[in-house]
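Worksheet: the structure to be examined is printed underneath.
Here, residue 1 is the first one in the sequence, and each next residue gets the next number.
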Amino acid sequence: MRSPERFARVAQMKVAFLLQDTRTLYGAEQATVRLIEGLVAAGISVQAILLQETRLGTGGSPLAEALRRCVPLTEIPVRGRFSRSAIGQIREIVARDRIDVLHSTGYKADAHAVWASKCSALFPVVSTVHGWLFRWDWKERLFQALNVAALRRFSRVIVLCGFYERYLRRCGLSPLQIAQIPTGIRAEAVVSRAEARQLWEAPGEVFTFGLLGRLSEEKNHALLLRSAVRLAKDLETSPRSWRILIAGDGPLRDNLRRNIARFHLADRVEWVGWMPAADFFRRVHVLVQCSRVENQPLSVMEAMAWMRPTLATRAGGLPELVQDGATGSLVQKGSARALAAAMKECLVAPEKAHAAGLRARDRLERDFPFDRMIRDHIGLYAAEGKG
């Protein structure tokens with residue numbers, strides 16, 4: 001049991017989050033904002049520091065707006081990828097506000113944090129790893145290597161799944177340095193069970209598969225389209241109707257449009273651009289996550305809250321979220337044949353897909369509670385800071 005003195009120390013703890021502004025609010029950014037909100041609700045004093053690259057030009061920042069709504073925010077403009085001036089300003093903020101722990105996310109933020117702390121000598125630095133793309137682009141591989149080198153000098157490194165823990169241990173980080181704290185979600189705050197059941201109970205609804213996420217190479221939208229072509233041929237005489245809803249925006253939007261036309265899928269596939277997750281899941285029976293690499297995608301966890309099963313590739317941390325045959329199906333990476341077969345099974349036996357969605361909600365509530373994630377972060381901060 002925690003002593004009164006230890007409780008008081010934790011309650012007085014000050015944590016600063018250091019982030020890089022990507023001008024987006026996708027899964028990693030949303031998860032960080034939710035974590036900050038949970039820490040504030042638990043009584044931790046939190047502030048945020050945002051590195052803003054001037055090369056991105058002027059314009060609104062969804063991340064900055066989300067942070068301002070919950071904590072004090074300091075914005076530091078930086079001209080290049082790394083800034084000596086920013087390092088000095090971070091160091092001044094930590095000293096002035098008597099910050100106990102600096103928590104960074106993203107390779108640019110990590111680099112600035114480790115230099116500001118003089119490799120954790122001045123104050124503890126913690127990082128959360130949201131993953132890398134593992135593509136053969138030399139610039140990406142260079143920044144990945146630099147990021148891993150910086151992480152070796154952090155006080156603690158938080159990973160969301162076993163996939164990245166194993167990777168970082170192969171890269172030389174010690175088991176004591178790594179802490180696995182999965183993202184937690186309050187399912188009832190996402191959607192009530194009654195609302196989540198409505199789509200399954202609605203008569204005559206067209207069975208809909210959905211893919212929610214940034215239109216980028218790692219999400220592999222082309223695999224879903226190739227699977228749809230196979231499925232259409234296999235079920236061309238079937239009376240059951242089905243469609244695919246794709247939500248999200250990004251650099252491959254034109255490529256997606258071309259592929260929809262190329263595969264003659266205009267009558268099957270609807271791309272709606274950016275869409276709130278709640279609006280997306282009100283229309284989608286089954287989530288498809290056919291990525292080449294993943295960490296712990298928020299879209300899958302939200303699907304679990306909405307009682308939607310997930311068809312996922314065996315990539316990254318996805319096998320740790322999706323229980324094959326129980327809360328969804330796992331298929332081989334890059335296999336349109338396997339994904340089409342999994343989609344067909346959902347169409348042939350929708351009652352099984354419904355049951356898998358119910359089990360997914362139960363598992364989310366049991367294995368990924370939001371309060372446990374907050375407690376684990378506070379415990380880690382206490383161990384590294386005043387605790």
Side-chain angles (χ1 to χ4, degrees), residues 19-33 50-66 78-81 105-110 129-147 209-228 244-263 265-266 269-277 279-280 284 287-300 302 312-313 315-318 333-334 336 339:
L19 304 97
Q20 58 202 53
D21 194 2
T22 57
R23 302 282 175 87
T24 61
L25 198 59
Y26 285 107
E29 293 84 10
Q30 292 180 44
T32 303
V33 171
L50 194 62
L51 301 176
Q52 292 187 320
E53 292 188 53
T54 55
R55 68 186 180 91
L56 296 178
T58 58
S61 167
L63 177 56
E65 293 170 9
V78 295
R79 290 186 177 180
R81 295 186 184 275
T105 65
Y107 80 90
K108 297 174 191 175
D110 289 345
V129 170
H130 287 286
W132 303 277
L133 300 182
F134 296 102
R135 295 189 296 206
W136 287 107
D137 179 272
W138 71 269
K139 286 185 179 179
E140 289 187 13
R141 287 302 177 104
L142 173 61
F143 288 125
Q144 179 177 329
L146 292 173
N147 193 189
F209 300 94
L211 198 165
L212 173 66
R214 189 167 183 262
L215 302 183
S216 51
E217 182 180 340
E218 73 276 6
K219 300 299 182 183
N220 204 2
H221 291 74
L223 176 62
L224 176 57
L225 298 185
R226 295 199 305 272
S227 302
I244 293 173
L245 177 67
I246 296 178
D249 204 351
L252 295 186
R253 66 179 70 89
D254 292 336
N255 183 270
L256 175 66
R257 289 194 191 100
R258 286 194 297 270
N259 280 335
I260 290 173
R262 172 191 168 197
F263 293 133
L265 290 171
V269 178
E270 179 185 3
W271 172 58
V272 295
W274 183 87
M275 179 184 238
D279 295 341
F280 173 83
V284 168
L287 179 72
V288 179
Q289 195 80 30
C290 50
S291 309
R292 293 184 171 92
V293 64
E294 280 289 358
N295 192 347
Q296 191 188 12
L298 188 60
S299 57
V300 175
E302 289 177 328
T313 46
L318 285 173
K333 280 197 299 183
L339 182 54

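The closest donor-acceptor contact from the side chain of W271 to the backbone of D249 lies at 3.5 Å or more, if one exists at all. Under the 3.5 Å distance criterion, the side-chain polar atoms of E294 are left unmatched by any main-chain donor or acceptor of G316. Checking side-chain atoms of E29 against main-chain N and O of L63 turns up no donor-acceptor pair under 3.5 Å. Proximity of a side-chain donor or acceptor of N295 to a complementary backbone N or O of V129 within less than 3.5 Å is detected. Side chain of Q30 to main chain of L25: a donor-acceptor pair is present (N/O by atom type, distance under 3.5 Å, no hydrogens or angles). With hydrogens and angles ignored, the 3.5 Å screen pairs a side-chain donor or acceptor of T313 with a backbone N or O of S291. Judged by distance alone, with hydrogens and angles left aside, the side-chain atoms of R253 form no donor-acceptor pair with the main-chain N or O of L215 at under 3.5 Å.
Rounding to the nearest 0.5 Å places CD1 of I260 at 9.5 Å from NE2 of H221. Note that CG of L225 and CZ of F263 are 6.5 Å apart. Values are rounded to the nearest 0.5 Å.
In this structure, F134 and R141 approach most closely via the heavy-atom pair O-NH2, 2.9 Å. Across every non-hydrogen atom of L211 and V288, the tightest pair is CG-O, 3.5 Å.
The environment of CZ in R79 is sparse: at most 12 heavy-atom neighbours from other residues, nucleotides or ligands sit within 6.0 Å.
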